[in-house]
Amino acid sequence: MKYTTRPQALLLLADGTIFYGKSIGISGKTFGEVCFNTGMTGYQEIFTDPSYFGQIMVTTNPHIGNYGVNAEEVESEKIMISGLVCKNFSFNHSRPDSESNLYDYFEKQNLICISDVDTRALVSYIRDNGAQNAVICTDGTSVEELKELLAKVPDMKGLELASTVSVTEPYFFGDENATYKISALDLGIKRNILRNLAKRDCYIKVFPYNATFEELQSFNPDGYFLSNGPGDPEPLEGVINVAKQIINSDKPVFGICLGHQIIGLANGISTYKMFNGHRGINHPVMNVLTGKGEITSQNHGFAVNRDELENHSDLEITHYHLNDNTVAGMRMKSKSCFSVQYHPEASPGPHDSSYLFDEFVANIKKAKSLQTV
């Protein structure tokens, strides 16, 4: 085996801190908000999750690429992260059903990656100093020039990104002869959400983020779904107004992640940017309604204001995060409308919360039965 050296690379944070490493061989630079994910598996699902658009991902698992890639294990049509920071990047893969190696996958989409970084030190630094903008550079650009370029990158707070990942034309998913019809608003929807709805006898029409309520209603749905997605929810004023109309339609509503935040805003509850956010597949959540704990998959940098929610006359907390007591789920008292901040469709897992899709379908069944009485 021939020994080869790889070019030096660096990660520059907005506060001027630099972490050095090596390029995996794709030259260039990329910008975004640096964040970390604590999942030990599922890197391909992470890389293709639209909720990560505009973010540089740090993986805490030291080995990335060891099991290659598979076309069935994606959450969207392309890589969504801005760049990758890892410890050990594996150019070889050893899983029987992998179709190619991770390097070729990155090269085809020109994804900039820096490896051989002390990711333990980096994650510790982010935990102490908060998520911030950063740049990965593998092409030798000077630090001073990188600082100038990085200063022009907008902060995630106030940044609307759903429009960059949403579809531009509606499309259908599932069996058109299914019992139930769902209108889904695509704010950055994950493919496994659609799979979970389809296998529960639902036929889904997915609409662009800027669809009107009349367009969503034209499908004559039995329920409405508000998807996950990237960026700050507050600039999505049009989506918030549509959410109000959806809720007032009195048909069952289910929201996940960004959709959860939109439902909060539609009810007058503010959101805020978190210091670090929650990203990983091992986040503990307490189900207030059952008294049981759940291990969940999470990916969000914004949250619903808990104090305002607790003082709201028509909303109640159904789940909360056991690490920091942030709101993880809520429901309306007067409407068939509920939402969670995490991902019950988790792929590769955990699957503790997949029952939420069953609850949504149960709400639809109940609503339809009342219509026929």
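- Counted by atom type alone, Glu308 and Ser270 present one or more donor-acceptor pairs between their side chains at under 3.5 Å.
- Residue pairs meeting the ring-ring contact (aromatic ring centres under 6.0 Å, His included) criterion with at least one partner in residues 31-50, sequence neighbours excluded, are Tyr43-Phe47, Tyr43-Tyr67, Phe47-Phe106.
- Using a cutoff of 4.0 Å between basic side-chain nitrogens and carboxylate oxygens, Glu345 and Arg195 are not scored as salt-bridged.
- Side-chain contact, Asp201 with Thr179: a donor N or O sits under 3.5 Å from an acceptor N or O.
- Side-chain contact annotation: Thr17 with Tyr125, donor-acceptor N/O pair under 3.5 Å present.
- Taking the salt bridge (Lys or Arg N to Asp or Glu O under 4.0 Å) definition, one finds that Glu33 meets it with Lys273, sequence neighbours left out.
- A salt bridge links Arg200 and Asp358; the closest N-O separation between the charged side-chain nitrogens and carboxylate oxygens is under 4.0 Å.
- In this structure, the ring pair (Phe, Tyr, Trp, His ring centres under 6.0 Å) partners of His300, at least two apart in sequence or on a different chain, are His278.
- In this structure, Glu73 pairs ionically with Arg95, as a charged nitrogen and a carboxylate oxygen lie closer than 4.0 Å.
- Of the N and O atoms on the side chains of Ser336 and Arg331, not one donor lies less than 3.5 Å from an acceptor on the other residue.
- Side-chain contact annotation: His321 with Thr326, donor-acceptor N/O pair under 3.5 Å absent.
- Side chain to side chain, Thr48 and Glu75 fail the donor-acceptor criterion of an N or O pair below 3.5 Å.
- With 3.5 Å as the limit, one finds no donor-acceptor pair spanning the side chains of Asp314 and Asn267.
- With hydrogens and angles left out, the side-chain atoms of Thr296 and Gln298 include a donor and acceptor closer than 3.5 Å.
- Listed by chain and number, the residues in a salt bridge (Lys or Arg N to Asp or Glu O under 4.0 Å) with Asp175 amount to none (sequence neighbours excluded).
- A cation-pi arrangement is not found for Lys205 relative to Phe173, the charged atom failing to lie both closer than 6.0 Å to the ring centre and inside a 45° cone about the ring normal.
- At a cut-off of 3.5 Å, with distance as the only test, a side-chain donor of Gln341 or Gln261 sits close to an acceptor on the other residue.
- Salt-bridge formation is detected for the pair Asp116/Arg6: a Lys NZ or Arg NE/NH1/NH2 atom is positioned less than 4.0 Å from an Asp or Glu carboxylate oxygen.
- Side chains of Ile182 and Tyr224 form no contact here, defined as non-hydrogen atoms less than 4.5 Å apart.
- Residues satisfying the side chain to side chain donor-acceptor pair (under 3.5 Å) criterion with Asp352, sequence neighbours excluded, are absent altogether.
- Between Phe172 and Phe219, the ring-plane angle classifies as tilted under the 30° and 60° cut-offs.
- Between the side chains of Thr141 and Lys29, a donor-acceptor pair is found at a separation under 3.5 Å.
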Below 3.5 Å, can you tabulate the donor-acceptor pairs from side chains in residues 148-160 to any protein atom, sequence neighbours excluded?
{"residue": "Asp155", "atom": "OD1", "partner": "Asn133", "partner atom": "ND2", "Å": "3.4"}
{"residue": "Glu160", "atom": "OE1", "partner": "Ser163", "partner atom": "OG", "Å": "2.8"}
{"residue": "Glu160", "atom": "OE2", "partner": "Ala162", "partner atom": "N", "Å": "2.8"}
{"residue": "Glu160", "atom": "OE2", "partner": "Ser163", "partner atom": "N", "Å": "2.7"}
{"residue": "Glu160", "atom": "OE2", "partner": "Ser163", "partner atom": "OG", "Å": "3.2"}

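- Side-chain contact between Thr318 and Phe338 is absent, with no heavy atoms from C-beta onward closer than 4.5 Å.
- Of the possible polar contacts, one joining the Ser142 side chain to the Glu145 backbone as a donor-acceptor pair under 3.5 Å is found.
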